[in-house]
Protein chains: 2
Amino acid sequence: MEQESRDGSSDDPQDRDAQRDVACEPESPAAQTRAEGFQAVRDAHRSEIAEDYVELIQELIERSGEARPVDIAERMGVRQPTVAKNLARLQRDGLIRRERYRSVFLTGAGQALADVCRERHKIVVEFLLGLGLDRETAEQDAEGIEHHVSDRTLAAFERAVKASERPG
Amino acid sequence: MEQESRDGSSDDPQDRDAQRDVACEPESPAAQTRAEGFQAVRDAHRSEIAEDYVELIQELIERSGEARPVDIAERMGVRQPTVAKNLARLQRDGLIRRERYRSVFLTGAGQALADVCRERHKIVVEFLLGLGLDRETAEQDAEGIEHHVSDRTLAAFERAVKASERPG
DNA sequence: CCACATAGTTAGACGTGGCTAAGTCTTGAT
DNA sequence: ATCAAGACTTAGCCACGTCTAACTATGTGG
């Protein structure tokens with residue numbers, strides 16, 4: 001999606017900081033790590049919409065037999081043309097299948113992504129509930145948090161949930 | 001093919017609305033709440049950049065006496081023109097002060113925002129550390145998570161941190 | 001069979017947030 | 001005092017994700 005021009009090349013355009021001495025320790029390896037963190041957050045943002053949509057589509061299909069753009073729009077809190085554009089991107093990325101004026105269906109890839117997201121969402125919600133939060137807060141915060149939870153952190157959440165489930 | 005998979009009846013257009021009514025009563029309140037959640041996430045995204053920048057600017061000023069665009073760019077992992085654009089928006093929004101070809105300074109509002117963000121960041125990191133995560137994972141995940149933590153959830157995190165600090 | 005309501009699409013605008021290329025300003029060495 | 005290097009800006013590109021307005025398709029009912 002973004003520019004792929006910064007991958008395997010030798011000339012690293014990012015470290016022109018050889019002359020930075022006094023201000024911030026030579027070569028600042030901390031800055032490097034930090035930059036990667038921000039990069040990861042930006043990457044996560046790019047997949048958020050896809051994840052939210054496939055998760056919702058899966059749920060709609062299960063609950064009512066089909067996923068109509070108008071229902072997606074209502075639940076996402078956006079207008080229909082917004083849904084149309086986003087669905088076009090999802091289709092381009094091979095996550096959904098559709099025909100004009102018809103409902104939306106998940107491809108194998110879309111289904112797989114939806115499964116992962118649903119599981120992760122469930123863990124995050126249960127974890128937050130375990131912290132003593134009310135269901136609504138847990139659900140809403142999970143919506144934002146779930147896309148930024150690394151595998152390690154998710155595992156830690158799961159551990160905590162399991163631990164509180166059998167407190168003995 | 002999938003069109004038939006909704007419930008077995010061929011292409012009866014009537015059961016579409018029938019199912020809809022059953023599955024999610026008109027004007028469904030659940031969908032409403034959900035939509036608000038997604039809206040909140042979108043709102044959070046819009047403030048993320050501002051928060052990350054003021055936090056970083058505050059830190060740079062404290063550690064080296066000034067915040068130069070080139071250093072911001074390095075730590076954010078983006079190019080200088082990107083920083084320039086974002087700083088222009090920050091200035092427009094009254095969070096920073098600057099003159100051409102000079103370093104950046106926080107306004108009162110920017111300082112206040114930075115303080116809040118720093119505190120919140122600290123709580124989230126400590127909370128994640130308390131879960132048994134290594135520092136690097138905690139820092140990186142906190143970067144993504146912190147912008148999506150409601151006051152209630154932050155309070156719950158803080159409680160958990162305090163509880164584990166004095167384990168009894 | 002036609003008309004109307006609703007679902008879906010298209011076109012076009014706007015702001016964000018990345019990028020490169022190329023220009024301008026500042027500053028420190030000579 | 002000059003001049004080169006590095007910091008900063010400008011201009012222009014692109015994709016995303018939102019919107020409104022207006023058009024088209026579908027299908028129900030008179």
Side-chain angles (χ1 to χ4, degrees), chain A residues 1-7 9 11 13-23 35 38-53 60 64 66-74 76-93 96 98-104, chain B residues 3 10-18 20-21 26 35 38-39 41-53 60 64 66-74 76-93 96 98-104:
Chain A
M1 339 215 108
E2 223 92 293
Q3 34 295 87
E4 306 301 316
S5 55
R6 41 140 94 260
D7 39 6
S9 292
D11 59 323
Q14 213 72 359
D15 52 19
R16 57 245 275 79
D17 56 311
Q19 87 297 341
R20 288 315 294 154
D21 36 6
V22 260
F38 285 122
Q39 184 66 55
V41 173
R42 289 194 293 270
D43 289 345
H45 282 164
R46 266 186 275 112
S47 21
E48 275 186 43
I49 289 231
E51 294 182 356
D52 288 339
Y53 272 65
L60 285 170
S64 61
E66 64 173 0
R68 302 187 311 161
V70 68
D71 294 326
I72 297 171
E74 186 197 2
M76 292 295 300
V78 298
R79 302 293 188 171
Q80 282 205 54
T82 301
V83 170
K85 267 197 192 172
N86 287 332
L87 289 180
R89 287 188 266 261
L90 260 48
Q91 186 170 30
R92 180 200 62 192
D93 296 345
I96 62 170
R98 62 197 306 234
E99 294 157 65
R100 298 185 100 219
Y101 295 98
R102 293 240 104 70
S103 290
V104 177
Chain B
Q3 277 82 351
S10 31
D11 60 336
D12 185 355
Q14 224 120 12
D15 66 4
R16 199 187 242 182
D17 289 325
R20 188 152 115 83
D21 288 343
F38 284 121
Q39 185 64 57
V41 174
R42 289 193 293 270
D43 289 345
H45 283 164
R46 262 182 271 114
S47 22
E48 276 186 42
I49 289 233
E51 295 182 355
D52 288 339
Y53 272 66
L60 284 169
S64 62
E66 64 175 359
R68 302 187 311 160
V70 68
D71 294 325
I72 297 171
E74 187 198 1
M76 292 296 300
V78 298
R79 303 292 188 166
Q80 282 205 54
T82 301
V83 170
K85 265 196 196 173
N86 287 332
L87 289 181
R89 287 189 267 260
L90 258 50
Q91 185 169 29
R92 180 200 61 190
D93 296 345
I96 62 170
R98 61 196 308 233
E99 294 157 66
R100 299 184 99 218
Y101 296 97
R102 289 248 117 55
S103 290
V104 177

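Each chain gets a letter, A, B and so on, in the order its sequence line appears, and its residues count up from 1. Computed from heavy atoms alone, side chains included, the values below leave out hydrogens, waters and symmetry copies.
With DNA chain C read from its 5' end, the first of the two nearest nucleotides for B:Thr82 and A:Ala67 is the one closest to A:Ala67. Nearest-nucleotide mapping onto DNA chain C: of B:Arg102 and B:Tyr53, the residue sitting toward the 5' end is B:Tyr53. When each of B:Pro69 and B:Lys85 is assigned the nucleotide of DNA chain D bearing its nearest heavy atom, the one mapping closer to the 5' terminus is B:Pro69.
As a whole-Å value, the separation of A:Asn86 CG from C:dT10 C1' is 16 Å. One interatomic measurement links the two molecules: CD1 of B:Ile72 to P of D:dA7, which rounds to 13 Å at whole-angstrom precision. A:Glu51 places its CD atom 12 Å from the P atom of D:dG17, with the value rounded to the nearest Å. In this structure, CD of A:Gln91 is placed 14 Å from P of C:dG8, rounded to the nearest angstrom. Residue A:Tyr101 contributes atom OH, which lies 14 Å from atom P of C:dA7 at whole-angstrom precision. A:Leu87 has its CG atom 15 Å from the C1' atom of C:dT10, to the nearest Å. Computed from coordinates, the B:Leu60 CG to D:dA7 P distance equals 14 Å when rounded to whole Å. Following rounding to the nearest Å, B:Met76 (CE) and C:dG18 (P) show an atom-to-atom distance of 7 Å.
Residue B:Val78 places its side chain closer to C:dG18 than to any other of C:dG18, D:dT10, D:dT18. Comparing D:dT18, D:dT9, C:dT16 against the side chain of B:Arg92 picks out C:dT16 as the nearest. Set against D:dC16, D:dC19, C:dG8, the side chain of A:Val70 has C:dG8 as its closest nucleotide. Comparing atom distances between the A:Gln80 side chain and each of C:dG8, C:dT10, C:dG18 picks out C:dG8 as nearest. The side chain of A:Pro81 sits closest to C:dT9 out of C:dT9, D:dC8, D:dT10.
With sequence neighbours excluded, the residues forming a side chain to side chain donor-acceptor pair (under 3.5 Å) with A:Asn86 are A:Tyr53, A:Arg89, listed by chain and number.
For the residue pair B:Arg98 and B:Ser103, the shortest heavy atom distance occurs at CB-O, 3.9 Å. Listed here is the closest heavy atom pair of B:Val83 and B:Pro69: CG1-O, 4.0 Å.
Close to C:dT20, at under 4.0 Å from its OP1 or OP2, lies a side-chain N or O of B:Arg79. Neither OP1 nor OP2 of C:dT26 sits under 4.0 Å from any side-chain N or O of B:Arg68. At the phosphate of C:dA7, neither OP1 nor OP2 sits under 4.0 Å from any side-chain N or O atom of A:Arg98. The side chain of B:Arg42 places an N or O atom within less than 4.0 Å of a non-bridging phosphate oxygen (OP1 or OP2) of D:dT18.
The line from CG of A:Leu87 to CZ of A:Arg92 is 12.5 Å long, rounded to the nearest 0.5 Å. With rounding to the nearest 0.5 angstrom, the CD atom of B:Gln91 is 10.0 Å from the CG atom of B:Asp93.
B:Thr82 has its side chain out of reach of B:Met76: every pair of non-hydrogen atoms, C-beta onward, lies at least 4.5 Å apart.
Residue B:Arg89 is classed as a base contact, given a heavy-atom separation below 4.0 Å to a base.
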